[in-house]
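Read through the structure below, which is laid out as structure tokens, and then see the notes.
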Amino acid sequence: MASERYNPQDAEPKWQARWAEADVFRTENDDDRPTYYVLEMFPYPSGRIHVGHVRNYTMGDVVARYKRAKGFNVLHPMGWDAFGMPAENAAMQNRVHPKDWTYENIAAMRGQLKLMGLSLDWSREFATCDVEYYAQQQFLFLDFLEKGLAYRRTSKVNWDPVDHTVLANEQVIDGRGWRSGALVEQRELTQWFFRITAYSQDLLDALDGLDRWPDKVRLMQQNWIGRSEGLRIRFAFETPPSGGDTALEVFTTRPDTLFGASFMALSPDHPVAQACAKDNAALAEFIEECRRMGTSVTAIETAEKKGFDTGLRVRHPFVEGHTLPVYVANFILMDYGTGAIFGCPGHDQRDLDFANKYGLPVVPVVLPPDEDASGFRIFEEAYTGDGTLINSDFLDGLTFPDAKEAVAKRLEDVTLDGSAQAERQINFRLRDWGVSRQRYWGCPIPIVHCPTCGAVPVPKADLPVRLPDDIEFDKPGNPLDRHPTWRDVACPQCGAAARRETDTMDTFVDSSWYFARFTAPTAETPTDTEIVDRWLPVDQYIGGVEHAILHLLYSRFFARAMRDTGHLKLAEPFNALFTQGMVTHETYRNDAGEWINPADVDISEREGRRTARLAATGEAIEIGPIEKMSKSKKNTIDPSDIIETYGADTARWFIISDTPPDRDIQWTDAGVEGSQRFLQRVWRFITDANRIRADFSESKPESMDATGTEIRKAVHKALVAVESDIEALAFNRAVARIYELVNTLMRIQQSLDETPSPSVRWALREAVDYLVHMMAPMTPHFSEECWAMLGQSDMVSVRPWPNAEPTLLVESTITLPVQVNGKRRDEIVVDADASQSDVEGAVLALESVQKFLDGKTPKKVIVVPKRIVNVVA
RNA sequence: GCGGACGUGGUGGAAUUGGUAGACACAAGGGACUUAAAAUCCCUCGGAGCAAGCUCUGUGCGGGUUCGAGUCCCGCCGUCCGCACCA
């Protein structure tokens, strides 16, 4: 029976096996065709794939399959971002080795991904925890070290005293460790850094050239890099502090407000503050208090501006005899600028709050354009806008850019202790990237610490530094520190007893260059320079917007650092970036307020009213808001369940339908079932068409009849539309085009008589052929099954994309809407090449237009060729 | 606080970038087929007015530019996101 249903449970494993057998998705590096590298952000092997992965990898696969059909040599690899804390947490909780846990998860997830029918070159697969990969990363580290792009210094860190580890700022919640809940301490630790700031300006400038990145991401990176131009000014101390410098340096972007300065403020960590605290117990206590306050968001928002007068005073650079008090203040950051500011209360809100609290003078020096100088006062609100200078001696009357320039010029020429009192400076918010982690499950930093030679790089001949397998997780902290033998080595330089560096690298390092490694995953060096330059930059990178800053910025840094160490030739790794939206789902709760998984809920809808019940017991369930899928709200869907029930193609089709791929998509059962129904509908259509279509060997009739032409026009127009939609990653529009085409074709097919003409039969053959091709990137198994049904012996996955015939895309006549006074009143069919005056004449003759003109002559007739006609009465 | 994005039927969303608003889909309602269900097919579906062709109205709100505005400009309202004591 030809009307059998399409059965994905049989078809999908069959085609997956056929693809694997023929090895059709293996990519060779030496191939004459143009290259196309499409990459989706590789997953962390948590154990199960989630629907977000399905969305991400389906989008990439559509592009990969489409580009392959378009004649490109496509690189579409997959790997695993496999180092990281969850493996160690699992080790502590379940007494499994992080390595076993990780590789088992990878095996499970690889199996799940294979069920999706992705056209991946699995021969290039690797995990970042493979020693072959992290060994190469250690080479890179040594090369960076040699170039000064990696270095070591002490730095303040958030230290969790219970877990014995450093925490990132995001892992500190209200001053406590996110896992342990312990009060976080500030500790000075010696840490390894990558000198990302060496490229601050370049990373910023090059954003302009990334015109195929979302503006949003570029802007976020721009803000993150945070360039500001200003002046570094030295204020002479009236009486220098003990052992300190003779002048205090500050950075400011508002040198124009210098005459409004009424105090100086130091960070509690500023050397001068530290020095003063030595003989001032009260100040030492104040500094301690500032430290305890913490860095959490709420602490910062609610904290009162507080200060402590050190008793020191500095001289105003322009006003002879005028001195300013020096405070230590809790709102000054040590790691921005110089860790010291001059406070101008009139034009900075924080400075104003501070000045009001401590009774310091408030002198307005910038007058808003619409204010009168004599009446202008500042009380509770600082004026931060534009204006002209007042109360400022030689600056009076200048606009504020001019004033900035005037101050800079004058201070550059004034000397203080033999050097200029000020210099222009560009400051960045971006800081060097601390990569040390006190963790086991990461890439070991290839360094040996020798009591005499210091930090000595492990010679390249001795690489890799392998992670030892025999470790214990019985105590918190880094097990490498407690390993009985691993850390004890001879110094590579002097041979004396020395210790290995036990810190491992931040896992963001692993993901900063994996895209390069995919081009030659077994090379003896980090990259094969010959091959990597052929593939990079990645033509299309696809992933979540949550990586807009860190991962993408680090990767851009790595490309530059790898270029400067000879591993690459380019600076920008990703030519085009696409950030996909999240997957959301309704939430459900029972009477007790517990979250319920969608799989356990039955939904019914009558007269627009939706109700939910627990499938097992019939208990009423409350339907909550639609939210991002999360374990905590239990509103997750397991892709494996969906694939088992409906097949991968249904899941793939659903996830790219309807919603634009950069927006959040709502997962609904109804939507999935709709996708399933559509595939069955196409199956029926092709089955029916197959009965009446012409044989593939039959030649094209000399001339097409009207119905044949109608079919062909619909098909060829859909083809070019689908092409441009896929090129634009507008998969939802491509899907809508295909729906439209199938509707049209089915309508025509239903109206055919018993024995259609040769033209129609031939057109129908072409129609199903093209339809199968158009759907193949989205629903590959289904398309193969259709292709086989049409009697083809090869696979549609290796077939070229069909060509549209230009003559079928143009119409000889067009339908123009006719407006009278901007309102649509009628439409008119005209020749495509009709002259404007012909169109105008025809429109004015229309009865509908006459009716609205009411015998009068129109003032004006606007004819927009091939668009619209508007009659102005 | 600073920066940015968005607002279209019951729902997801189209709209060739200033030219027929609501393509396509989901949901809902009605009908056909069936002993029945599933599956499938047909019809209706922004609002108001008449049975219907038809008319008016309609893209968060208020103005403006234009022959013509979902699209451009100004001012509000709302939602979401990023950064945040950055001098």
Side-chain angles (χ1 to χ4, degrees), chain A residues 3 5 214-224 226-228 230 250-254 257 265 267 295 297 299-301 303 305 329-333 335-344 347-351 353-354 384 427-431 545-546 548-549 603 605-610 626 654 657-660 662-666 668-675 677-678 680-681 684 721 724 730 732-743 746 750 815-827 858-864 866-873:
Chain A
S3 59
R5 287 170 67 84
D215 289 342
K216 181 187 178 174
V217 173
R218 291 196 284 177
L219 194 74
M220 280 164 74
Q221 292 215 352
Q222 190 182 313
N223 291 339
W224 187 263
R227 182 184 197 271
S228 50
V250 304
F251 173 74
T252 179
T253 55
R254 295 293 305 272
T257 64
S267 160
T295 52
V297 175
I300 288 167
E301 268 176 357
K305 306 283 172 273
N330 63 352
F331 63 96
I332 309 300
L333 304 172
D335 46 13
Y336 187 80
T338 63
I341 61 151
F342 76 77
C344 176
H347 307 285
D348 182 293
Q349 192 59 47
R350 289 159 309 170
D351 296 351
D353 294 345
F354 190 85
T384 54
N427 227 318
F428 293 93
R429 207 188 76 105
L430 183 68
R431 296 181 217 136
V545 74
E546 66 273 20
I549 298 175
I603 303 281
E605 177 156 0
R606 208 153 290 144
E607 310 271 344
R609 272 242 177 84
R610 287 161 54 77
I626 296 153
F654 167 75
S657 299
D658 299 341
T659 302
D662 54 340
R663 289 199 210 163
D664 289 355
I665 186 171
Q666 191 192 345
T668 63
D669 285 347
V672 177
E673 280 156 19
S675 297
R677 272 201 301 275
F678 176 69
Q680 296 296 351
R681 208 156 94 87
R684 279 197 308 277
S724 65
N732 58 318
R733 293 207 306 249
V735 164
R737 295 288 190 181
I738 291 170
Y739 272 111
E740 222 166 4
L741 175 63
V742 170
N743 289 345
M746 286 185 84
Q750 274 166 16
T815 306
L816 293 179
V818 176
Q819 295 182 333
V820 178
N821 290 331
K823 282 187 180 159
R824 185 185 172 279
R825 295 300 180 185
D826 205 345
E827 57 185 34
K859 285 195 191 110
K860 206 174 176 186
V861 179
I862 292 148
V863 179
V864 184
K866 296 183 201 282
R867 275 286 139 75
I868 202 165
V869 182
N870 191 11
V871 179
V872 186

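So you know, we letter chains A, B, ... as the sequences are listed, proteins then strands, and number each from 1.
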Sticking with atom [atom1], work out how far [N] lies from [M], rounded to a whole angstrom.
| N | M | atom1 | answer |
| --- | --- | --- | --- |
| B:C42 | B:G78 | P | 46 Å |
| B:C56 | B:A5 | P | 38 Å |
| B:U17 | B:C72 | P | 14 Å |
| B:G10 | B:G49 | P | 16 Å |
| B:A21 | B:U59 | C1' | 7 Å |
| B:U66 | B:A87 | C1' | 48 Å |
| B:G9 | B:G60 | P | 7 Å |
| B:A48 | B:C41 | C1' | 33 Å |

Please classify the nucleic acid contact of [X] as base, sugar-phosphate, or nothing, using heavy-atom distances under 4.0 Å.
| X | result |
| --- | --- |
| A:Thr659 | sugar-phosphate |
| A:Asn732 | sugar-phosphate |
| A:Asp348 | nothing |
| A:Arg681 | sugar-phosphate |
| A:Gln819 | base |
| A:Ile738 | nothing |
| A:Val864 | base |

Tell me whether the side-chain N/O atoms of [X] come closer than 4.0 Å to OP1 or OP2 in [N].
| X | N | answer |
| --- | --- | --- |
| A:Arg677 | B:A27 | yes |
| A:Arg350 | B:C86 | yes |
| A:Lys823 | B:U57 | yes |

- Measure from the side chain of A:Arg825, starting at C-beta and using heavy atoms only, and say which of B:A87, B:U16, B:U55 lies closest. B:U55
- Message: Under 4.0 Å between a side-chain nitrogen and a carboxylate oxygen: does that hold for A:Arg350 and A:Asp353?
- Response: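 Here A:Arg350 does not pair with A:Asp353 in a salt bridge, since their nearest N and O are not under 4.0 Å apart.
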Does [N] have a Watson-Crick or wobble partner in any strand here, with both distances under 3.5 angstrom, and which is it?
| N | answer |
| --- | --- |
| B:G70 | none |
| B:G9 | none |
| B:U40 | B:A32 |
| B:C54 | B:G49 |

- Message: Within 90° of 0 counts as syn, otherwise anti: where does B:U79 fall?
- Response: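 Anti for B:U79; the angle lies over 90° from 0.
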